[in-house]
S.K.: 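The structure that follows is given in the form of structure tokens.
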Amino acid sequence: MFAPYQDCFESEAQYLHFLRYATGLVLPLPVKATIDGINNLFCGSLQRNQSSANRFFTDRIWETGRLEARRIELLKAHPTLKPGKNGVIAIDEVLLEKTGQQIEGVGRLFDPAQRKDILCHCLVSCTYNKVGQSYPLVLEPYFPQAVCDSEAGRALGLTFRTKIQIAVGVVPQVVSWDLAGVFAFDGWYLAQELVAPIEAAQRRWISRAAKDTHVIWRGQEVELQQMTARLPHKAYHQVVVHGQLFWCALKVMPVSPLEGEKAVLVCWKDELGKGEPFYLITNATWWNSTRMLQTYFQRWGIEELHREGKQHEGLAEYQMRTLEGIRKHWCLVACAYAGLTLRRASHLRGIPEVLTLHSMAMEILLEVAVNYAHRVWEKAKQGREAFLAIRWELEAFFHRFQIPVQKPLSAFRMG
């Protein structure tokens, strides 16, 4: 799974550290994705001192850029995952809650899920989404103004950039990778500053819009909610997307402060006039309502990726203090996620079942267990001395999974 990354490292030792950590991120084991937790999983010739693993993350000899470029190459080369015109390049952010005040770059931000300020790192993320497949492209940290202006922030050389400015920097990087698809984001990122480089690259985009977004309707500048209140029922038509009914009104009009005319979609879910509508805006003025809804809903893959990354790939479980090491952790999480995504895509060819990334990780863990059982059996066939030579590995294995051993392994007799 990780062999294509070998030439991204200067030495075999660095590559081995990469393999160990990426394996710890992939396997669904009962340990946190920390250097100490992953380091303790290994024994025998793979056992290393924790300080050696720490140096791997603080060593400036290797950079993340080569790994990121190779990861994109592998994903683009896969026949199922390669970008297409119907793909969606989603931009959003994710909060990674932390408890250590001494972790470099942490700050307090409002978490909508908990409805309170939390201590966290914030990542502006960009992902590629196709039907049934999503994978990370860019994970770029956002540091609040207070963090950048602090003594620690100045020592780290942090420069404040808004989330929109970070997203603007992501666009040319994605375009340079020649990734076909539509850019999609929520209303927070709807700004001329972001859509300008996308349109300059002759790419399409779609965004959700707030109800107080200003549009020019019937020669007047009004808010979307005001326009909606004046639309007659005959302006709406029914659209069914993914089995869900929507009442939609589609208009092409100028949107302030964006340049040029845009397609604006007013959507009511289930029943017209009941609840609150939502709004979509795109520069693809020739799209119909169905195309706009289908494209924007594909953006949902980024939410699933954030959840999967935090629950299974250890995106938020690091306990490092240095920003250098944390950035490398995020890079390795993306490599682990890409590895599982590539494996799942290969399994899905010709297989109708929907396979989750977690099921792929469980399958890999089973392969590891079977291979280790085969190793034990081969030692057993070589005789008692060969078998007892790996008894401490077995003891470590039983201890890791808290499996009680009824007899000392030294008392085993060969059949």
Side-chain angles (χ1 to χ4, degrees), residues 21 33-35 53-69 71-72 90-114 116-127 136-176 185-186 188-189 191-194 196-197 302 305-306 309-310 313-335 337:
Y21 200 80
T34 63
I35 294 177
N54 283 326
R55 284 195 297 273
F56 171 70
F57 284 92
T58 58
D59 192 347
R60 295 181 179 271
I61 295 178
W62 71 278
E63 297 292 338
T64 59
R66 296 176 67 182
L67 286 178
E68 292 170 348
R71 171 169 56 85
I72 299 299
I91 298 175
D92 203 352
E93 74 267 358
V94 58
L95 300 182
L96 310 177
E97 187 169 8
K98 309 308 297 179
T99 56
Q101 296 279 353
Q102 301 303 315
I103 299 176
E104 293 179 350
V106 295
R108 302 200 73 86
L109 292 171
F110 181 75
D111 182 9
Q114 302 186 47
K116 65 177 184 179
D117 289 342
I118 62 171
L119 187 70
C120 63
H121 278 132
C122 176
L123 288 179
V124 174
S125 62
C126 178
T127 66
L137 297 175
V138 181
L139 298 173
E140 189 66 28
Y142 161 79
F143 302 108
Q145 181 82 62
V147 172
C148 296
D149 293 342
S150 67
E151 183 179 345
R154 290 194 298 270
L156 290 170
L158 301 182
T159 302
F160 176 71
R161 293 188 299 162
T162 66
K163 295 174 185 176
I164 292 178
Q165 288 173 333
I166 294 173
V168 169
V170 168
V171 172
Q173 187 174 3
V174 172
V175 171
S176 70
F185 34 88
D186 63 21
W188 176 267
Y189 293 91
Q192 180 62 25
E193 185 179 2
L194 177 58
I302 195 172
L305 185 148
H306 291 161
K310 289 197 284 188
E313 274 71 62
L315 181 63
E317 291 185 347
Y318 54 92
Q319 294 178 355
M320 307 172 204
R321 290 189 177 185
T322 66
L323 197 54
E324 176 78 17
I326 293 168
R327 286 178 182 270
K328 289 179 176 178
H329 167 82
W330 292 331
C331 176
L332 266 60
V333 168
C335 290
Y337 200 101

S.K.: When rounded to the nearest 0.5 angstrom, what distance separates CD1 in I302 from OG1 in T127?
M.R.: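 Atom-to-atom, I302:CD1 and T127:OG1 are 4.0 Å apart.
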S.K.: Side-chain donor-acceptor pairs under 3.5 Å in residues 327-335, sequence neighbours left out?
M.R.:
unit_1: K328; atom_1: NZ; unit_2: D59; atom_2: O; d: 2.3
unit_1: K328; atom_1: NZ; unit_2: W62; atom_2: O; d: 3.3
unit_1: H329; atom_1: ND1; unit_2: Y21; atom_2: OH; d: 2.8
unit_1: H329; atom_1: NE2; unit_2: G314; atom_2: O; d: 2.8

S.K.: Strictly distance-based, threshold 3.5 Å: is any side-chain N or O of R161 a donor or acceptor partner for the main-chain N or O of F143?
M.R.: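 Judged by distance alone, no pair lies under 3.5 Å.
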S.K.: To the nearest 0.5 Å, tell me how far L315 CG sits from Y337 OH.
M.R.: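 Nearest 0.5 Å value for the CG-OH distance: 10.5 Å.
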S.K.: State the CG-CD distance between L137 and Q173, to the nearest 0.5 angstrom.
M.R.: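 L137 CG to Q173 CD: 9.0 Å, rounded to 0.5 Å.
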S.K.: Taking the side chain as every heavy atom from C-beta outward, state whether F57 and M320 have any atom pair closer than 4.5 Å.
M.R.: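 The answer is yes, as the side chains (C-beta and beyond) meet within the 4.5 Å cut-off.
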S.K.: Could you give me the CA-CA distance, side-chain angles and deciding distance for D111 and C120, then say whether side-chain contact (heavy atoms from CB on, under 4.5 Å) is met?
M.R.: CA-CA 9 Å; D111 182 9; C120 63; over 6 Å; no
S.K.: Would you indicate whether the side-chain heavy atoms of Y189 and E93 approach each other to under 4.5 Å?
M.R.: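 SC-SC contact between E93 and Y189 confirmed.
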S.K.: Roughly how far, to the nearest 0.5 Å, is CG of L119 from CD of Q101?
M.R.: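 So the CD of Q101 and the CG of L119 are separated by 5.0 Å.
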S.K.: Between atom SG of C122 and atom CG of L96, what is the distance when rounded to the nearest 0.5 Å?
M.R.: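 It comes to 8.0 Å.
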S.K.: If you compare all heavy atoms of K98 against all heavy atoms of V106, which two are closest, and at what distance to 0.1 Å?
M.R.: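 Nearest heavy atoms, K98 then V106: CG-CG1, 4.1 Å.
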S.K.: So if I apply the side-chain hydrogen bond (donor to acceptor under 3.5 Å, both in side chains) rule between E97 and each of Q114, H121, K310, which one comes out positive?
M.R.: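 Testing E97 for a side-chain hydrogen bond (donor to acceptor under 3.5 Å, both in side chains) against Q114, H121, K310 leaves exactly one candidate, Q114.
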S.K.: For residues 162-169, run the donor-acceptor check on the side chains, cut-off 3.5 Å, and write out each pair with its distance to 0.1 Å, sequence neighbours left out.
M.R.:
unit_1: T162; atom_1: OG1; unit_2: Q165; atom_2: N; d: 3.1
unit_1: Q165; atom_1: OE1; unit_2: T162; atom_2: N; d: 2.9

S.K.: Could you tell me whether the side chain of F56 reaches within less than 4.5 Å of the side chain of I35, counting heavy atoms only?
M.R.: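 The answer is no; the side chains never approach within 4.5 Å.
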S.K.: So, taking the atom named CD in E151 and the one named CG in L156, what distance separates them when rounded to the nearest 0.5 Å?
M.R.: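 Nearest 0.5 Å value for the CD-CG distance: 11.0 Å.
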S.K.: Tell me if a side-chain donor or acceptor on R154 pairs with a main-chain N or O of D149 at a distance below 3.5 Å.
M.R.: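 Yes, because the side chain of R154 sits within donor-acceptor range (under 3.5 Å) of the backbone of D149.
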